[in-house]
Structure formats: C-alpha cells, structure tokens
Amino acid sequence: MSVRVRFAPSPTGEIHIGNIRTAIFNWLFARSQQGTFILRIEDTDRERSTEEFREIIFRELDWLGLDVDEGIGSGGSQGPYQQMERLEIYREYARILEEKGKAYPCFCSPKELEAEKDKARQEGRDSVYSGKCRDLSGEKRARAREQKTPEALRLMNDERGDVVFSDIIRGEISFGGSTLDDFVLMKSDGSPTYNFACAIDDYTMEISHVIRGEDHISNTPKQLLIYMALGWEPPEFAHLPLILDKERKRMKKRSHSSEVYISGYRHQGYLPEAMLNYLALLGWSDREGEEILSREELISGFSLDRIKHSGAIFDREKLDWMNGVYIRNLPLSELRSRALPFLQQEQVNVKGSALDYLLLALQEKVSTFKEMAEMASSYAGPLQYEDQEKARQVFGQEQVDQVFKYLQEQLGGLEEITPEEAGKVLKETGKNLGVKGRLVFPTVRWALTGKGSGPDLNHIIAFMGTEECVRRLEKALEWREGE
Ligand code: GLU
C-alpha cells in the first residue's frame, strides 16, 4: 500500500508550533516511505478563514522546506484541495447516506437543542441528541421543508457498542457507544461539519495514515462511524502527543503568545533547518539518540513506532542551543546572507571584510540571528563603557599605558589588519613589554569594546579597523590620566 498522508490546517490564524510539528511528522513519514504529502486547506469555518492565513500556511511550509506533493499550486488528481471547493462532493455523499437510510434530516432549532443540552447538564448526563427527528414521517418532513425550516443532516447512528480503534502510537482506544449520538454531518447552511468533511476527504484522497494531534482523538470515533455508514475501510490513525511547556501545561495561544507560533521563531532568527530538527524531536527520537540531525538523517531515521505517547516538553534552552550549533556550522557566505536581514533591522551598516570579521566573531557567541544583530549593533555603534567604575579601575592598572601606547604604535602603522595579524600583535605586545597576557587581553578588550567579556578580540580588532582601535585606545588613556 502506498503511503499517502495529509496536513490539513484551517486557515484561521498564525500556525501554532503544534500544528507545524504535525506537518513535519506527516512530511517525514511521507518522505521516509516514498509516499505522498498532501496539503488540504480546511476552510469551512467561513467566519475565521481568510486568504491571508492561507498564504501564511504556504509561507511557513515553504520556510521549513516541507515540499507538498499534492495541493493548491502543487497539482494532484484528487483535488480540489480546499474544502470550500469540495461542497458538491460532501453534498453528494450526504445524499447517498440519506438514500441508504444512514442519515436523516433534522429540523430542530438551535434553541431547542440548547434546551436539550441544558437539561442534560442539569441531570448530570452526557449531552447527546435525543433523536427527535429520527422518525419524522414523510409528511412532517415535507411540511417542514415547505415551511423552509432550516435543515441539518444527522448520522443515523445505530451503533450501540463501543467504537474501538487501534492507534499506531497509543494502542487500542475505545469510546463508549452511549456518548456517540446522531451527530450532524451537514449544517443547515449547507456546509459540512469538520468530522464529515474530514472523513470524506481522507477517503476520497486515499489517505493511508491520518497523523494528527492528540486533541483530535475524540473526533476519531465519529469519523469511524461515517466510514462504517458508507461501508468504507478506514485509514490508520496516529495521534501525536501534545506539546507542553516547562510546567507541563499545554502551550496555549494566550499564555505564550510569542512562543506558540512558528512565525515568531522565524522573526527571531531561528534557522529553518534547526527548527525542523528541533520540532522533529518533540515526541520522536532517533534510534541512536542523536540530537543534531540533518534533513536527510531525519528522513532516513523517521518511523512512527518511535513516537512517544506522553506529552513532549518544549524546552526553549535546548532549542537555543541547537540553533546556536546550526549557526556555528554555517559557512561564511551563508552566514552573511542569512544574517543580513536581521542586521538591516538593527541598522547595522558594516560592509565588506569588516562585516565578515564581525560575523565570524559573533557566530561563536549567539543562539539566534536577532541576538547576533543586537550584538553587532552594540559593537558597530559608538563606544560605551558598560561599567564606568570598572573601566577606570582596569585602565588605572600599572603598565596599561605602556600596553596601549605600544599597541597604538603597532596598529597606527597599518591600514588594515586581519584577525591573525591582530593576534600576533597582541601576543608580541605582551612579550616585548614583559607584560602578562592576563593584563593585555582584558584591558584591550575594555578599551576597544567597553565590555569585560565578549567575542574573540582578534576578530573585533580586525572588524573595527586600526584607525578606530587607535582612537579608542587613546580615549582609554585619557580616562586613565583623568584619574
Ligand atoms: N483542520 C484540523 C485542524 O487544523 C485538522 C484536523 C485533522 O488533521 O483531521 O486541527
């Protein structure tokens, strides 16, 4: 059987990381099995679905490199791939079910249904539809239609036993028959419910495995009942563990607004390959326990049986570490092109070899490109001592004036300098003056950057250029003399 999986987002907002993780697992499964990855847009919620949100779905999939085999703009023979364009298909299956006596029209008003629910609540019962319209006579139906009473279509659910299915991740799952009522398939506005559209689409698109978030488990028995009513073989199901925060609570939109959408990570300068790697490990692990895995390694190592069923904890520190590893592995040309938009945002206008030296210095130090740009801006901007008292103390030490003057002489004669040359000059300064490196390096760092610690000094000198270094050393000397 060929593997066909789908990612079926609703275009109703930014993409939650839980959803994008679902997309990643589907994509990895498809790629690992030479299967097909389908993108289906579930836009039946007319009020909340927008074109703009649909574009966001394409944008984020594209950013992560999750290429779609079938979907809008990607071709495929089982389309359309957007639910609002499939209404005729749902209506056709609704008609078939009604004809087979597996579904019936319901004329109950929202008010009546609400009253039923209230009553059940008061009596402490599960709220299930009473079945009032099940056995309406043909005459009553005709009258209701004549009066243009809004009409929904409900499943004639005669299944009284438990609905059981075997989930690939969670094993056997069973739902008590008494909680499953004659639920609505088609709403009175002529649109399908999520469960109906989903079952019809998964079947007609020949989906082999439904891989989705655990929050959809309770929908699965309803979808199975629809399959049964139509006499169809259901697909396999795999429900992914929820993504939890460090307090083991579900990552909700409100409480973690900057952390729950994939776009937030893009804006902060996380690399797509690092995000793909990190999110793939949220609920799944590599057989060898490797953490840094390339796209190809993820694909070749992926299997559904290594997905855990307990909640996956989103650990921001681990993500930062991982992104840092990816940043450090970038060759200079890539580093430059990826950092550029972030540098522009921070108005860092360094160019040419100075930019390269700065990026190479910061590459070792940062977790994200936003952090890199902020640091770059502080090094490229005017000199500011982070602690004036400390600076005075540092510059006031014995022999510091000798060190700075010597360096000024050495650097002053050069038009530009490479990090290697800067390293040599610093070393020779100590040697020729008989001063310990312990004195040279920190004092020079304070003079040049105004900070007590930071990226590699050789690169900082090369980035700043000899002229600016001489000027900053002079300023430090003035401070010292000001004592
Ligand atoms: N549109 C649903 C969602 O975004 C899809 C659920 C499913 O995969 O069946 O949650």
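Remember, it's 1-based here, ligands and their atoms both numbered in the order they're listed. Counting from 1, the numbers follow the sequence of the chain as shown.
- Two rings, from Tyr93 and Trp232, have their centers less than 6.0 Å apart.
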If you look at each N/O of ligand 1, which protein N/O atoms lie under 3.5 Å away, and at what distance?
residue: ligand 1; atom: 1 (N); partner: Ala8; partner atom: O; Å: 2.8
residue: ligand 1; atom: 1 (N); partner: Ser10; partner atom: OG; Å: 3.0
residue: ligand 1; atom: 1 (N); partner: Glu42; partner atom: OE1; Å: 2.6
residue: ligand 1; atom: 8 (O); partner: Arg6; partner atom: NH1; Å: 2.7
residue: ligand 1; atom: 8 (O); partner: Arg6; partner atom: NH2; Å: 3.4
residue: ligand 1; atom: 9 (O); partner: Arg6; partner atom: NH2; Å: 2.8
residue: ligand 1; atom: 9 (O); partner: Tyr194; partner atom: OH; Å: 2.6
residue: ligand 1; atom: 9 (O); partner: Arg212; partner atom: NH1; Å: 2.8
residue: ligand 1; atom: 10 (O); partner: His216; partner atom: NE2; Å: 2.8

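- In this model, a donor atom of one side chain and an acceptor atom of the other lie less than 3.5 Å apart for Ser285 and Arg306.
- Of the residues listed (Thr44, Leu97, Leu155), the one engaging Phe196 in a side-chain contact (heavy atoms from CB on, under 4.5 Å) is Leu97, and it is the only one.
- Side-chain atoms of Asn19 and His16 form no donor-acceptor pair, as typed in the model, at a separation below 3.5 Å.
- The aromatic rings of Tyr265 and Phe314 sit tilted, their planes meeting at an angle between 30° and 60°.
- Between Phe165 and Phe237, the ring center distance clears the sub-6.0 Å criterion.
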